[in-house]
Amino acid sequence: MLETMRQEVSRLALDNHIHLHGFVRDRQRVLEQLRSAHVFLFCHKTPESPRNLIEALSAATPIIGYEGAYARDLISAHHGGVLTPIHRTDDLAAAIARLANDRNQLSELMEMAYRDSEPFNDEAVFEHRCMLIRQYMG
C-alpha cells in the first residue's frame, strides 16, 4: 500500500516532512537513516519479531508503534519506546505529537533506546543462538 500512503502524504501536503523510501537495499544507507531519525515508527499488526526494531534501538532511535509481546520485551528494561494498543491510530498519532512537543522526553527516550539495545551486540546474540541450538538440538 506504499503508493496509497504516498498519495495520502501528498494530499495532506506533508511531502516536505515525510519521506517514504520503500525498500532500500543499501544497508549502510538504512543505518544512516536510522541514526538520523528522531523515532522509528512501526505498525506491525501480526505477531512477528522484526529485526528492524533492534536496529533502531541500536541506533538510539526510540521505537514507537503498536503493542506486541516482541516490541514490549525489547524495551522492557529501559523503556526506549512508546507502545500503543493495536489498531488505535489516534493513540499512535498522539504519542508522536507528544514527543514532537516534548524534546526532553524524546531525548530521554533516545538514551533509553540505546540502553535497551545493549543485550543485542554481535557476541551476545551469537551466544544466545548457540545456547538455543544446544538446548533444542542436544
Side-chain angles (χ1 to χ4, degrees):
M1 298 181 67
L2 184 58
E3 190 51 42
T4 302
M5 196 165 159
R6 284 186 174 132
Q7 290 171 6
E8 185 68 2
V9 167
S10 290
R11 186 185 72 76
L12 296 171
L14 294 172
D15 297 12
N16 291 330
H17 303 286
I18 298 174
H19 306 281
L20 303 169
H21 300 281
F23 178 74
V24 178
R25 184 175 308 279
D26 182 351
R27 180 162 169 66
Q28 192 59 37
R29 182 172 168 219
V30 171
L31 294 175
E32 288 169 8
Q33 289 292 316
L34 285 172
R35 289 182 190 117
S36 68
H38 292 105
V39 299
F40 183 83
L41 178 64
F42 68 98
C43 54
H44 300 103
K45 295 181 179 182
T46 57
E48 58 183 308
S49 54
R51 185 181 72 206
N52 54 15
L53 298 182
I54 292 174
E55 291 172 339
L57 292 172
S58 296
T61 305
I63 59 174
I64 313 298
Y66 290 141
E67 178 93 25
Y70 179 72
R72 186 175 49 251
D73 187 50
L74 288 178
I75 61 172
S76 64
H78 303 286
H79 309 289
V82 176
L83 303 176
T84 65
I86 195 166
H87 302 292
R88 300 282 301 267
T89 55
D90 289 347
D91 290 353
L92 195 54
I96 295 167
R98 277 192 305 276
L99 290 174
N101 291 315
D102 188 344
R103 295 303 174 143
N104 288 330
Q105 182 185 11
L106 179 59
S107 176
E108 289 173 16
L109 271 178
M110 289 175 170
E111 182 179 331
M112 296 302 103
Y114 186 73
R115 291 180 64 196
D116 278 326
S117 78
E118 289 172 350
F120 304 109
N121 64 56
D122 290 346
E123 289 180 23
V125 170
F126 182 73
E127 182 179 332
H128 182 256
R129 286 182 182 162
C130 287
M131 181 191 72
L132 289 174
I133 290 169
R134 285 185 189 127
Q135 179 180 353
Y136 293 106
M137 303 298 283

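Annotation: salt bridge (charged side-chain N to carboxylate O under 4.0 Å, His left out) contacts involving residues 30-40, sequence neighbours excluded, are absent. Sorted by first and then second residue, the salt bridge (charged side-chain N to carboxylate O under 4.0 Å, His left out) pairs involving residues 93-110 (not counting sequence neighbours) form an empty list. Annotation: salt bridge (charged side-chain N to carboxylate O under 4.0 Å, His left out) contacts involving residues 72-93, sequence neighbours excluded, comprise Glu67-Arg72, Arg88-Asp91.
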Show which side-chain atoms of residues 11-25 pair as donor or acceptor with protein atoms under 3.5 Å away, not counting sequence neighbours.
residue : atom : partner : partner atom : Å
Arg11   : NE   : Glu8    : OE1          : 3.0
Arg11   : NH2  : Glu8    : OE2          : 2.7
Asp15   : OD1  : Ser10   : N            : 3.3
Asp15   : OD1  : Ser10   : OG           : 3.3
Asp15   : OD2  : Ser10   : OG           : 3.2
His21   : ND1  : Arg29   : NH2          : 3.3

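To the nearest 0.5 Å, atoms CD (Glu3) and CD (Gln7) are separated by 5.0 Å. One distance of note links CD1 of Ile75 with OG of Ser117; it measures 13.0 Å at 0.5 Å rounding.
The heavy-atom pair separating Tyr114 from Ala60 by the smallest distance is CB-CB, 3.8 Å. Contact detail for Gly80 and Leu57: the closest heavy-atom pair is O-CD2, 3.6 Å. Counting all heavy atoms, side chain and backbone alike, Pro62 lies closest to Gly81 at CB-CA, 4.4 Å. Ala56 and Ile63 make their closest contact through CB-CG2, 4.0 Å (heavy atoms, listed as atom of the first residue, atom of the second, distance).
A donor-acceptor pair under 3.5 Å is absent between the side-chain atoms of Asp116 and the main chain of Ser76, judged by distance alone. Side-chain atoms of Ser107 do not come within 3.5 Å of backbone N or O of Asn104 as any donor-acceptor pair. No donor-acceptor pair under 3.5 Å is formed between the side chain of Thr61 and the backbone N or O of Phe40.
Grouped by direct or indirect side-chain proximity (heavy atoms under 4.5 Å, Ile/Leu/Val/Met/Phe/Trp/Tyr only), Ile64 sits with Val39, Leu41, Tyr66, Val82, Ile86, Leu92, Ile96, Leu99, Leu106, Leu109, Met110.
Partners of Phe42 according to the ring-ring contact (aromatic ring centres under 6.0 Å, His included) rule, which considers only residues two or more places apart in sequence or in another chain, are His44.
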